[in-house]
Amino acid sequence: MTPLQRYLVVSTLLFGVGLAGALTRRNAILVLVGIELMLTAANLNFIAFWRYGPNPESAAGIVFTLFAIAVAAAETAVGLALIIKIYRHRRTTHLDQMDTLKG
Amino acid sequence: MEPAAFIAALLALGGAVAAVSLRNLIHCALCLVLTFFSVAGLFLGLGAEFVSFAQVMVYVGAIAILIVFASLMTRDPGADPARVPEPRAIQPWPLGLGIAGAVTGVLLACVGSSRLLPDVTAPAVAPSVRELGQELMTRYVVALEVVGLLLTAAMIGAVVLAVREPRPLDREVGR
Amino acid sequence: MAQTLDQLLDLVQQRLVALWPAPWQPWVAAFLGAAAIVATFGGLFALTTWLERKGLARIQNRLGPNRVGPYGLLQPIADGLKMLTKEDIVPRAADQWIHFLAPILKVVPVLLAYSVIPFGRHLVALDLEAGLLFFFAVGSATEIAVFMAGWGSRNKYSLLGAMRAIAQLISYEVPLVLSAVSVVLVAGTLSLPAIVDSQAGHGWAGLANWHVFTPWGLAGFVLFMIAATAKTNRSPFDLPEGESEIIAGHMVEYSGFKYALFYLGEYLSLFAISGVGITLFLGGWRAPVAWLDWVPSYLWFGAKLLGCIAVFIWLRGTMPRLRADQLMNFAWKFMLPMSLVTLVAAAMWHATATWTFPGAGLWRWVLGAALLLLPYRALSRSLTQRGRLGPRRYRFAD
């Protein structure tokens with residue numbers, strides 16, 4: 001295996017764990033944790049491709065990762081605010097119990 | 001992969017598995033912190049110093065703390081006993097696990113069999129922080145502005161969503 | 001001679017490293033650097049506890065510790081022995097692992113932060129290109145440690161204290177970073193030794209070119225130091241451990257050596273953040289006037305650090321503790337806007353650096369000062385008039 005492939009395997013496994021968490025857990029916060037893991041795996045992919053790619057002197061991979069980190073921060077802030085709002089309303093963070101569209 | 005990177009990768013994966021599988025929410029969040037630190041270590045090993053520090057600062061300093069705060073503010077009293085869960089035809093979690101396993105398997109097969117991946121082992125010359133700043137301010141300036149706008153909008157949105165309506169007494173006193 | 005004295009520590013390290021076989025040398029060098037930092041700042045920690053107790057006592061018209069050794073100088077040793085011999089109590093309900101890991105996680109990042117601070121000419125353990133970012137990134141790890149201590153103890157005072165502490169740390173991190181960014185903007189680098197180099201030379205009347213001697217630099221320095229006081233939980237921002245309210249906050253369930261580690265971590269982070277403040281605004285290890293350049297650089301750094309510590313002790317002896325709402329209002333409604341204004345003033349200063357017409361220096365000063373003073377006046381007026389930062393009006397008490 002080339003070094004690039006090793007890092008890709010790590011990031012794939014990280015993505016798989018995140019996906020499994022997001023699909024199987026019922027707590028909304030843990031679903032968000034799974035999504036964060038998937039985003040981190042994607043960042044690892046970007047950096048690995050930047051490092052072992054054909055032209056590492058370009059900054060595109062790094063810049064893309066920086067933007068992804070910023071977007072992840074925004075996503076978490078809004079997601080958690082929504083979870084807290086729903087919790088105040090329905091006293092639960094269980095996704096199975098958030099099944100009505102009526103407030 | 002050097003031994004240090006191998007250990008970091010193992011820690012990252014172990015932390016990730018613990019973060020999505022433990023019962024206690026706070027333990028999950030702390031394991032997530034472990035994963036974020038290890039991934040920052042992987043970035044450092046790959047030569048992306050700036051991204052590694054930014055990762056620690058944003059993920060550990062902000063996102064993990066937010067998750068911890070949210071889990072403390074939403075203590076789930078447990079499933080509502082008044083609501084009888086409807087019997088399901090399919091249990092959801094084996095299905096989710098199956099989908100995740102299938103996706104991971106396909107991706108792993110792709111990574112393993114791909115002929116397109118470049119095999120570069122030469123040491124990379126990371127762009128300096130100054131070059132990175134130049135790039136951000138020239139070539140990627142529109143994206144930078146959009147991200148700034150997005151962060152502002154997200155911050156205002158989060159505040160508006162999470163703010164409590166003032167109680168009557170608070171309004172009377174004026175704070 | 002002066003140069004030899006200046007590089008004395010470097011020379012000693014090189015001699016010691018040369019004694020070892022070649023493959024071991026990088027490890028020995030790294031170990032020596034780390035050991036020197038730990039020993040120096042551990043010693044400074046002991047000295048500072050004594051200085052603080054003496055200084056506070058003098059401010060409060062007392063004598064302070066005077067039983068152990070001359071002037072009570074051996075008091076830190078007695079304190080240390082007491083801490084080490086105390087029983088280490090872990091609450092039965094506590095989360096064992098988290099309770100155990102929290103003090104370690106508090107101290108280790110702070111020690112890591114020392115690796116990027118230049119203590120003298122060529123006297124920096126790691127010259128990272130993104131050194132300042134490293135410092136702030138490592139600093140954000142202490143928030144997790146505080147949370148672990150508060151939550152792992154399973155005590156309501158611990159948890160309340162930890163929540164207070166984290167809210168405070170996050171709120172004051174924003175002005176802290178923003179005021180440092182204004183220096184980065186002018187110096188054009190994130191590496192701390194390079195920032196020190198950007199303050200080289202002497203300007204008007206032989207005064208050094210330190211950033212603190214510019215309008216934005218003065219404002220930035222004051223903001224940075226206020227935010228640093230809050231970041232290190234020191235009075236008047238010591239709400240997280242306010243003894244009269246929540247006993248010791250997140251540290252209430254810790255005793256013996258673990259408590260000593262927290263105590264050590266707080267003081268070490270105080271020194272580290274003062275060191276970064278000195279590097280950013282006070283010219284790092286540089287002498288204030290040209291004819292004092294012969295004094296070794298690390299002595300200048302040490303003198304500035306001791307000066308900062310004295311100011312922190314003075315503040316602690318003088319200021320009453322803030323209330324939680326005052327703390328938050330101050331951070332978000334005053335510190336944050338003022339640090340943004342400072343950033344604009346720094347940008348103005350940077351943009352007008354090319355002015356060459358006669359009297360340009362004066363004009364830059366007037367413009368910069370006006371840019372800072374007008375928003376300051378407007379902000380402080382609007383905040384105090386609406387009673388946001390003033391004394392609380394009790395509805396049922398008057």
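Lettering follows sequence order; numbering is per chain, from 1.
- When each of A/Val9, A/Val63, A/Asn43, A/Leu82 is checked for heavy-atom pairs under 4.5 Å with chain B, A/Val63 comes out on top.
- Applying the side chain to side chain donor-acceptor pair (under 3.5 Å) criterion to A/Thr65, with sequence neighbours excluded, gives no partner residue.
- Only the side chain of A/Leu80 comes within contact range of chain B, with heavy atoms under 4.5 Å apart.
- Using bins of under 30°, 30° to 60° and over 60° for the plane-to-plane angle, the ring pair A/Phe46/A/Phe64 lands in the parallel bin.
- Of the residues considered (B/Val146, B/Val160, B/Val159, B/Leu22), B/Leu22 shows the highest number of contacts with chain A, using heavy-atom pairs under 4.5 Å.
- With sequence neighbours left out, A/Thr76 forms a side chain to side chain donor-acceptor pair (under 3.5 Å) with A/Glu36.
- The candidate from A/Leu32, A/Leu66, A/Ile83 with the greatest count of non-hydrogen atom pairs under 4.5 Å with chain B is A/Leu66.
- With a 4.5 angstrom heavy-atom cutoff, A/Ile29 touches chain B only via side-chain atoms.
- When each of B/Gly157, B/Ala12, B/Ala143 is checked for heavy-atom pairs under 4.5 Å with chain A, B/Ala143 comes out on top.
- In this structure, B/Leu25 and B/Leu72 have side chains that are not in contact, with every pair of non-hydrogen atoms separated by 4.5 Å or more.
- At a 4.5 Å heavy-atom cutoff, A/Ala22 makes no contact with chain B through either its backbone or its side chain.
- Each of B/Leu13, B/Leu97, B/Val58, B/Thr35 has some count of heavy-atom pairs under 4.5 Å with chain A, and the biggest count is that of B/Leu13.
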